[in-house]
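Written out below as structure tokens is the structure these notes cover.
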Amino acid sequence: MTLAFEDFHAGQTFTFGASPVTAEAIVEFARQFDPQPFHLDAEAAKRSLLGGLSASGWHTCAMMMRMLYDGFLCNTTGSGAPGIDEVRWLKPVRPGMTLGMRVTMASLRVSKTRPDLGFVSMDGVVHDAAGDAVMTSRHTNMFARRNPAAPIPAPQGAALERKAAAPEPVELRDGPAALTRFSAYYEDALIGATLPLGSHPFTREETTGFARLYDPQPFHLDDAAAAATHFGRLSASGWHTAAVCMRLTVETRDRIRAQSAAPGDAAA
């Protein structure tokens, strides 16, 4: 049975998994999206705050997405997500772990502008084999209604609390020279300061490759299927976009650190 928006209700819980975590997968994801030593090298990781090789938080998110798809979304009228309200990483995810997940429907409402779609807000918990939470999430998924012409049902549950908008960016108080130090270390952080992280060209091969591994919804995999959705064309998974942003952040930080440590640099 394909589950549509009408089949969900507030308080409903689904459980699924399990997803084994390997050192090879941790390192491969980190090479592509989060090249920090504690995700890449076991010896370097032992000397870090994490105390051993651990998956990138975004890798855990991607594994969560795969569990969501295999255990749940593949049998629904799922139509993507408008975004993630919150993600919290609670414990390191290490090689040898097996992850599972439970997701609880928190609130439901029909779209005001697209009555054929409903929004289902969910609380998710990713846990290890012992049941200890390693990550929590709060997010909303969209589902097609089985009968869009039927009267719109009343909203259910309490809507997820939205975060306040980010403050407006301010000028770097140290002028252009601050760009060589920005975010390199804690002491260099400036509240409200901004720094461009560069750009990334998304290719079709990369988009579908990530989707096959972690988010195989049709609008991330197939041109014709995507064209028939509200996306209109092939689109990258949101988790793919987040992972790319992580890599740009790490690359920018490492570049700034290298510049700061260059011989003759006053900030070295």
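In this chain, residues are counted from 1 in sequence order.
- No chain of hydrophobic side-chain contacts below 4.5 Å, direct or via other Ile, Leu, Val, Met, Phe, Trp or Tyr residues, connects Phe119 to Val110.
- Under a 4.0 Å N-O distance rule, the pair Arg145/Asp116 does not qualify as a salt bridge.
- Remark: the backbone N or O of Ala55 is not paired with any side-chain donor or acceptor of Arg94 at under 3.5 angstrom.
- Both tests do not hold together for Arg66 against Tyr214: distance to the six-membered ring centre under 6.0 Å, angle to the ring axis within 45°.
- When only modelled atom types and interatomic distance are considered, His59 and Glu28 share no side-chain donor-acceptor pair under 3.5 Å.
- Using modelled atom types, one side-chain atom of Ser235 and one backbone atom of Arg233 make a donor-acceptor pair closer than 3.5 Å.
- Leu40 and Leu53 get closest at one heavy-atom pair: N-CD1, 3.9 Å.
- Between Pro95 and Ile26 the shortest side-chain heavy-atom distance falls below 4.5 Å.
- Note on Tyr69 and Phe231: separate hydrophobic clusters, where clusters join Ile, Leu, Val, Met, Phe, Trp and Tyr whose side-chain heavy atoms are under 4.5 Å apart, directly or indirectly.
- Between Pro82 and Met142, the closest heavy-atom pair is CD-CG, 4.1 Å.
- Residues His139 and Gly83 come closest through the heavy atom pair CB-O, 4.0 Å.
- In this structure, Arg88 pairs ionically with Glu86, as a charged nitrogen and a carboxylate oxygen lie closer than 4.0 Å.
- No donor-acceptor distance shorter than 3.5 angstrom exists from the side chain of Asn75 to the backbone of Phe72, with no hydrogens or angles considered.
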Open item on the list: side chain to side chain contact (heavy atoms under 4.5 Å, CB included) for Val126 and Met67? Distances and angles first, verdict last.
Closed with: CA-CA 10 Å; Val126 177; Met67 287 189 286; 4.1 Å; yes
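- Following chains of ILVMFWY side-chain contacts shorter than 4.5 Å, one cannot reach Met64 starting from Val125, and the two form parts of different hydrophobic clusters.
- The backbone N or O of Ser79 sits less than 3.5 Å from a side-chain atom of His230, completing a donor-acceptor pair.
- Looking at every heavy atom in both residues, Ala144 comes nearest to Ala4 through O-CB, 3.5 Å.
- Every side chain to side chain contact (heavy atoms under 4.5 Å, CB included) that Asp254 has, sequence neighbours left out, goes to Val250.
- When ring centroids are compared, Phe33 and His240 come within the 6.0 Å threshold.
- Residue Ile84 is grouped with residue Leu68 when hydrophobic side chains (ILVMFWY) are merged at heavy-atom distances under 4.5 angstrom, including chains of intermediate members.
- Contact check for Phe5 versus Val120: side-chain heavy atoms found under the 4.5 Å cut-off.
- Formation of a donor-acceptor pair under 3.5 Å by the Thr249 side chain with backbone atoms of Cys245 is found in this model.
- Between Arg138 and Asp123, some side-chain heavy-atom pair lies under the 4.5 Å cut-off.
- A donor-acceptor pair under 3.5 Å is formed between the side chain of Trp89 and the backbone N or O of Gly57.
- Linking Ile, Leu, Val, Met, Phe, Trp and Tyr whenever their side-chain heavy atoms come within less than 4.5 Å puts Phe8 and Phe16 in one cluster.
- At distances below 3.5 Å, at least one donor-acceptor pair connects side-chain atoms of Ser54 with backbone N or O atoms of Gly52.
- Between Cys61 and Val87 the shortest heavy-atom distance is SG-CG1, 3.9 Å.
- Within the 4.5 Å cutoff, no side-chain heavy atoms of Met63 are placed close to those of Met135.
- Atom CG in Leu73 sits 10.0 Å away from atom CZ in Phe14 (nearest 0.5 Å).
- To the nearest 0.5 Å, atom OG of residue Ser137 and atom CE of residue Met65 are 10.5 Å apart.
- Checked against Met122 for a side chain to side chain contact (heavy atoms under 4.5 Å, CB included), the options Val103, Leu108, Asp85 give a single hit: Val103.
- Considering only heavy atoms from C-beta on, Asn141 stays 4.5 Å or farther from Thr76 through its side chain.
- Grouping Ile, Leu, Val, Met, Phe, Trp and Tyr by side-chain contacts under 4.5 Å, direct or through others, leaves Leu49 on its own.
- Residues Lys91 and Asp128 form a side-chain contact, since some pair of their non-hydrogen atoms from C-beta on lies under 4.5 Å apart.
- Side chain of Gln156 to main chain of Ala10: a donor-acceptor pair is present (N/O by atom type, distance under 3.5 Å, no hydrogens or angles).
- Here the straight-line distance linking atom CZ of Arg247 with atom CD of Gln36 works out to 13.5 Å at 0.5 Å rounding.
- The OG1 atom of Thr208 sits 7.0 Å away from the CG atom of Leu234 when rounded to the nearest 0.5 Å.
- The distance from atom CG of Leu221 to atom OG1 of Thr207, rounded to the nearest 0.5 Å, is 10.0 Å.
- Under the 3.5 Å distance criterion, the side-chain polar atoms of Gln217 are left unmatched by any main-chain donor or acceptor of Gly78.
- Gln32 places no side-chain N or O within donor-acceptor distance of the main-chain N or O of Phe29, the cut-off being under 3.5 Å.
- For Leu248 against Ser199, the heavy-atom pair with the smallest separation is CD2-O, 3.9 Å.
- A 4.5 Å side-chain heavy-atom check between Leu99 and Val93 finds at least one atom pair inside the cut-off.
- Aromatic ring pairs are classed by plane angle as parallel below 30°, tilted from 30° to 60° and perpendicular above 60°; the pair Trp239 and Trp58 is tilted.
- Under 3.5 Å, the side chains of Arg212 and His220 contain no donor-acceptor pair of N or O atoms.
- Distance check, rounded to the nearest 0.5 Å: OG1 of Thr13 to CE of Met105 gives 7.5 Å.
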